[in-house]
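Below, each value reflects all heavy atoms present in this structure, side chains not excepted, and no hydrogens, waters or symmetry copies. If you read the sequence from its start, that first residue is 1, and numbering goes on from there.
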Amino acid sequence: MDAADLDHRARTLSGCIPPLLVSRLLELDHEKEVEFQAGRGEWFCARAWTRLLGERGRRAEALEVLAPYVATGWWPAARAQAELLESWGRAEEAIALARPYAEVGGLPLEFFARLLARHGRRDEALVLLSAGIEDWLLATALVEVAEGAGRDEDMAALLAARIPARHRCDGPWCCRGLDPDTAIGLVAAIRERQGRVDEAIALLHTRQHITSVNNHDQLADLLARHGRIEELRVYAASEHLGHAARRLAEVLEERGDVEGAIAVYRQTDDSPVRRHHGAVDLARLLVRHGRGDEAIEVMRTLVDSPGGAEDWLVDTLCTLYADHGRARDGLACLDTVKARRGGEEEWDFFRMRLRLMADCGLLDEALEQARAHPEGDTSYAAHTLSDLLAEAGRTEEAVAVLEPHTPANRASLAGHLIDLGRVEDAVALLQQRTPEPVVPVPTGAFSTEPPF
């Protein structure tokens with residue numbers, strides 16, 4: 001077993017049994033196969049099997065399964081073992097195991113510091129994280145670990161020192177290391193938990209580029225938590241990504257003001273990003289409250305508007321039609337979109353037609369049309385067709401469709417083979433290796449040089 005090879009297969013999900021199919025094997029009572037493959041270098045099998053063994057009280061066996069993986073020096077394996085040890089109340093062993101890996105910084109250090117903090121060694125964790133404060137991941141962990149330690153002012157000062165007083169960034173990656181917007185957000189988090197909410201709000205208003213992370217806006221969330229709805233409403237009117245408007249609508253919905261939430265989404269905006277995402281969010285809100293026909297009308301109006309016939313928006317509309325038993329209306333909508341596009345219907349739109357036809361009981365006709373489509377012999381078309389066939393209980397046909405496109409659809413084909421009970425064939429298919437250069441094993445530390 002080799003760390004570089006393990007890492008390559010785990011990152012690319014190539015030449016191995018991926019997590020979703022490991023779960024499927026277990027769901028279909030193929031535990032013996034998972035156990036066997038765990039002993040043959042299949043990391044995701046080993047991870048799942050050790051968890052099962054731990055749950056069943058067979059802890060020594062679980063550690064034996066992980067031992068050869070950990071012996072390679074590969075961090076994900078060491079982390080998995082440390083997590084098991086901690087969950088069993090053996091925190092000191094987990095700390096001893098993780099400590100050498102933490103020396104490289106990055107993800108291992110973040111894990112190690114949080115582990116220390118959870119087990120009464122917060123001061124040691126803070127020292128380690130403070131030394132790595134230029135890494136945004138470690139800086140974030142530092143702020144979270146420091147909560148309740150009486151060190152908030154020290155942490156805020158460390159972070160504030162990394163916010164340039166006069167320099168104005170010309171882009172989100174202008175400054176090396178911890179960027180100013182992230183530092184501002186972390187100081188604001190400290191001020192909020194100190195009860196200095198006004199200061200936190202003022203700080204967040206000074207950010208230049210990064211205002212939202214993972215579709216969440218920190219300022220909008222802060223205003224919502226403290227019930228400052230009018231300020232949130234003002235901010236939502238200017239925040240160009242629409243994340244603040246969504247948070248405002250969520251708060252109003254939570255308070256029972258559904259009409260108020262709808263009104264937030266109905267406010268017009270020149271930004272296509274806000275207009276498109278706002279319509280989708282509004283449709284979902286209406287569906288949650290049993291107003292499916294209104295949701296469909298919202299999306300249909302958007303799709304019919306100039307620039308509104310984007311594939312993801314049409315897909316949202318077609319899904320609504322299908323979910324509400326109006327598949328034929330969905331087909332009529334696609335006909336209109338096709339006419340607007342000069343009679344052309346590339347696969348991204350045609351695949352929506354296939355699903356709607358299947359919902360209308362026209363699966364065979366859909367398959368015939370798909371084979372005649374200019375893109376009907378592509379690997380991505382085969383993937384769509386196989387899913388439709390499998391959902392109709394025609395798994396053997398799904399396999400036949402995918403077999404000519406094996407390299408591109410290996411995981412999907414293997415999944416259907418598992419469903420048919422052909423586990424050995426599925427595993428052999430997944431373990432086929434394509435010669436590729438093996439890159440060095442990542443240490444868990446983040447690069448400060450592009451490309452990141």
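In summary, Glu83 and Arg79 engage in a salt bridge, as defined by a charged side-chain N under 4.0 Å from a carboxylate O. At a threshold of 4.0 Å, the pair Glu110-Arg114 counts as salt-bridged, since one of the basic side-chain nitrogens sits closer than that to a carboxylate oxygen. In this structure, Glu124 pairs ionically with Arg121, as a charged nitrogen and a carboxylate oxygen lie closer than 4.0 Å. Of the charged side-chain nitrogens involved, at least one lies within less than 4.0 Å of a carboxylate oxygen, so that Asp5 and Arg433 count as a salt-bridged pair. Taking 4.0 Å as the cut-off between side-chain N and carboxylate O, Arg288 and Glu253 count as a salt-bridged pair.
A donor-acceptor distance shorter than 3.5 angstrom exists from the side chain of Arg207 to the backbone of Leu204, with no hydrogens or angles considered. In this structure, Arg122 contributes its side chain and Arg118 its backbone to no donor-acceptor pair below 3.5 Å. With Arg24 contributing its side chain and Gly415 its backbone, the two residues share a donor-acceptor pair below 3.5 Å. Side-chain N or O atoms of Thr206 include one that pairs as donor or acceptor with a backbone N or O of Leu203 at under 3.5 Å. Side-chain N or O atoms of Asp179 include one that pairs as donor or acceptor with a backbone N or O of Asp181 at under 3.5 Å. Not a single donor-acceptor pair under 3.5 Å links the side chain of Arg196 to the backbone N or O of Ile190. Using modelled atom types, one side-chain atom of Thr378 and one backbone atom of Ala381 make a donor-acceptor pair closer than 3.5 Å.
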What verdict does the side chain to side chain contact (heavy atoms under 4.5 Å, CB included) test give for Ile262 and Arg291, after you've listed the backbone C-alpha separation in whole Å, the side-chain angles of each residue and the deciding distance to 0.1 Å?
CA-CA 12 Å; Ile262 290 171; Arg291 297 161 66 171; 3.6 Å; yes

Working for side chain to side chain contact (heavy atoms under 4.5 Å, CB included), residues Thr384 and Arg355:
CA-CA 9 Å; Thr384 300; Arg355 187 162 295 280; 5.6 Å; no

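Looking only at side-chain heavy atoms (C-beta outward), Asp425 and Leu429 stay at 4.5 Å or farther from each other.
Counting heavy atoms of neighbouring residues, nucleotides and ligands inside a 6.0 Å radius, atom NE2 of His240 does not exceed 12 of them. Summarising the local packing, CD of Glu424 is surrounded by 12 or fewer heavy atoms from other residues, nucleotides or ligands at distances under 6.0 Å.
Judged purely by distance below 3.5 Å, without hydrogens or angles, the side chains of Ser412 and His383 pair a donor atom with an acceptor atom. Looking at Glu92 and His119, their side chains never bring a donor and an acceptor atom within 3.5 Å of each other. Counted by atom type alone, Asp217 and Tyr235 present one or more donor-acceptor pairs between their side chains at under 3.5 Å.
The two residues Val70 and Leu97 have their closest heavy-atom pair at CG1-CD1, 4.2 Å. Closest approach of Val187 to Ala156, counting heavy atoms only: CG2-O, 4.1 Å. The two residues Ala279 and Val298 come nearest to each other via the heavy atoms O-CG1, 3.8 Å. Minimum interatomic distance between Ile17 and Glu42 (heavy atoms only, all atoms of both residues): N-OE1, 2.9 Å.
Centroid-to-centroid, the aromatic rings of Trp74 and Tyr69 stay 6.0 Å apart or farther.
Every side-chain contact (heavy atoms from CB on, under 4.5 Å) that Leu13 has, sequence neighbours left out, goes to Pro18, Pro19, Phe44.
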